[in-house]
Protein chains: 2
Amino acid sequence: MTSAASRPPVRLLLADDEHLIRGALAALLALEDDLVVVAEAATGPEALAMARAHMPDVAVLDLQMPGADGVRVATSLRADLPGCKVLIVTSHGRPGHLKRALEAGVRGFVPKTVSAQRLAEIIRTVHAGNRYVDPELAADAISAGDSPLTERETEILEYAADGSPVAEIAERAALSQGTVRNYLSSAVSKLGAENRHAAVRLARERGWV
Amino acid sequence: MTSAASRPPVRLLLADDEHLIRGALAALLALEDDLVVVAEAATGPEALAMARAHMPDVAVLDLQMPGADGVRVATSLRADLPGCKVLIVTSHGRPGHLKRALEAGVRGFVPKTVSAQRLAEIIRTVHAGNRYVDPELAADAISAGDSPLTERETEILEYAADGSPVAEIAERAALSQGTVRNYLSSAVSKLGAENRHAAVRLARERGWV
DNA sequence: GTGCCGTTCTGACATTTGTCATGGGGAGTG
DNA sequence: CACTCCCCATGACAAATGTCAGAACGGCAC
């Protein structure tokens, strides 16, 4: 389809905190005639700075990076470089992440289980202005559906995520203990969990926190 | 140091569930004259089968894989192929994993933040019969120290990891509820946590579960 | 404007949990 | 052989948590 010699190559930014993966990826993508890696980054902020400096056509971002995760970088990038398409790659594809990513204007979302060959094709797809979402991740996201929790319930559940007692959560959220317990109770029943700790785990699995 | 042409190349097994990483890694390591990738695997059991079939000199294993993790594969491998050196690569280097790995006879332990160049050197080091442990991970492991928990306490804490109530844990462990609570109580106080859920989190961070 | 929903609180109650004292049995060490 | 440590258990008490009813306020929709 895309003839390599006929048009200028696609300029890529690669961001992943794992040097091993980033370097290897750069090497593999460089084998494709129509792709060229113009910048690499190991952290969220670094990715942002590199993008501003090198103006890539497509940014390939890892979902989990120190500093700022891929989705946050994508959000900033959309404001700064509207022409730059964002493609997220991830190891652990939780359903909620996909939704957040799409809301942030991300054009592609793939697990790291794809081959480099396939990734190159997807980069071209995204560069051409189309979207690409891994079918399996998409199915998971659809079956998991939207979070049934209200904003407040989600917030309180997040405060509960590290196992803090109610008193501490109440203090951090500036609420009374009774209110906190009510929110947790409703969150637990909405998620069908046995207690708030299991609820946290469930919400995590579905990507709702 | 190691002259490439003077001796037969080091035969490698690569195991990682992320196709992207595995393929890229294989390509990069293939650039080294004295290294040759003879087998690849995406899961623990597959890695084991591949190792038996191809008898590699060095097995490069991801710590987290479906089926059986890198350390478990290493344990089986030591029994089956004593001549095969095991090198573990990991994204999230929790202190306890390193200890477990060394006990399983693993010869090298490195984070994925190293470069491919460096990895190649480490593979040679390991193949030569030496050990290599990433200095930073080693420092973490030393500062985290040994688990203060007894075998039973650890086991019960693991059952508690998904937020199950005591009754369920007692049933799964075939213990009385009182006993379970006693174990949890002592685990919590040993770890200096506020409750068992925070204790689980702490033990996870230190790699003791 | 009436009703619905989310937020916030209080108070009361049942259940779960954490803690402690105490006891017996087995394994290992001095 | 006494001592210590881990395993397993029971019972009792205190504290934390889960659940429910009720009630006030603001926003949004019809």
Side-chain angles (χ1 to χ4, degrees), chain A residues 96 99-100 103 144-209, chain B residues 96 99-100 103 144-209:
Chain A
K99 191 162 186 295
R100 275 203 310 138
E103 278 162 6
D146 270 15
S147 172
L149 305 176
T150 67
E151 214 176 308
R152 244 341 185 231
E153 286 162 357
T154 307
E155 187 193 333
I156 301 302
L157 206 56
E158 262 169 66
Y159 282 128
D162 59 354
S164 314
V166 172
E168 208 175 301
I169 300 171
E171 204 183 343
R172 280 195 281 176
L175 289 177
S176 86
Q177 297 197 15
T179 307
V180 168
R181 292 200 300 193
N182 285 340
Y183 280 139
L184 288 175
S185 184
S186 83
V188 165
S189 72
K190 278 180 181 176
L191 296 177
E194 303 210 63
N195 55 46
R196 62 211 172 90
H197 306 286
V200 166
R201 204 176 46 77
L202 278 173
R204 277 255 175 76
E205 272 173 21
R206 293 168 171 51
W208 292 337
V209 296
Chain B
K99 190 162 187 294
R100 273 202 311 139
E103 278 162 6
D146 268 14
S147 171
L149 304 177
T150 68
E151 213 177 310
R152 239 349 184 228
E153 285 162 357
T154 307
E155 188 193 333
I156 301 302
L157 206 55
E158 262 169 64
Y159 282 128
D162 59 354
S164 314
V166 171
E168 208 175 300
I169 300 171
E171 202 182 343
R172 281 196 280 175
L175 289 176
S176 85
Q177 298 197 13
T179 307
V180 168
R181 295 202 305 210
N182 285 341
Y183 280 140
L184 288 175
S185 183
S186 84
V188 165
S189 72
K190 279 179 181 176
L191 296 177
E194 302 209 63
N195 54 48
R196 64 212 171 90
H197 306 285
V200 166
R201 205 176 45 78
L202 277 172
R204 277 255 176 76
E205 273 173 22
R206 293 170 172 48
W208 292 336
V209 295

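All chains are named by letter (A, B, ...) in the order of the sequence lines, taking the proteins before the strands, and each is independently numbered beginning at 1. Computed from a predicted structure; not experimentally measured.
Phosphate contact (OP1/OP2 of dA9(D), side-chain N/O of Thr179(B), threshold under 4.0 Å): present. Look at Thr150(B) and you won't find any side-chain N or O under 4.0 angstrom from OP1 or OP2 of dC6(D). Distances shorter than 4.0 Å separate some side-chain N or O of Arg152(A) from OP1 or OP2 on dT8(C). Between Tyr183(A) and dG6(C), a side-chain N or O to OP1/OP2 separation shorter than 4.0 Å is absent. Within the 4.0 Å cut-off from OP1 or OP2 of dT10(D), at least one side-chain nitrogen or oxygen of Ser176(B) is found.
For Pro165(B), the side-chain atoms get nearest to dT17(C) when compared with the rest of dT17(C), dC9(C), dG18(C). Residue Arg196(B) has its side chain nearest to dG18(C) when only dG18(C), dT7(C), dT19(C) are considered.
For Arg181(B) and dA16(D), the CZ to C1' distance is 12 Å, given to the nearest whole Å. Atoms CD1 (Ile169(A)) and C1' (dG18(D)) sit 13 Å apart, rounded to a whole Å. As rounded to whole Å, 7 Å separates atom P of dC7(D) from atom CD of Glu151(B). Here the C1' atom of nucleotide dT15(C) and the CD atom of Glu194(A) are 13 Å apart, to the nearest Å. Rounded to an integer number of Å, the gap from Leu184(A) CG to dG18(D) P is 7 Å. Glu168(A) has its CD atom 12 Å from the P atom of dA16(D), to the nearest Å. Here the P atom of nucleotide dC8(D) and the CD atom of Glu155(B) are 8 Å apart, to the nearest Å. For the pair Leu149(A) CG and dT7(C) C1', the computed distance is 15 Å after rounding to whole Å.
Judged by distance alone with a 3.5 Å cut-off, a donor-acceptor contact links the side chain of Asn182(A) to the base of dT10(C).
Tested against Ile169(A), the residues Gln177(A), Glu158(A), Arg196(A), Glu155(A) include a single side-chain contact (heavy atoms from CB on, under 4.5 Å) partner, Arg196(A).
Side-chain N or O atoms of Ser164(A) include none that pairs as donor or acceptor with a backbone N or O of Ala160(A) at under 3.5 Å.
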Residues Val180(B), Tyr159(B); criterion side chain to side chain contact (heavy atoms under 4.5 Å, CB included); working and verdict | CA-CA 10 Å; Val180(B) 168; Tyr159(B) 282 128; over 6 Å; no

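Between Leu191(A) and Leu149(A), some side-chain heavy-atom pair lies under the 4.5 Å cut-off.
Around CD of Glu103(A), the count of heavy atoms belonging to other residues, nucleotides or ligands within 6.0 Å exceeds 12.
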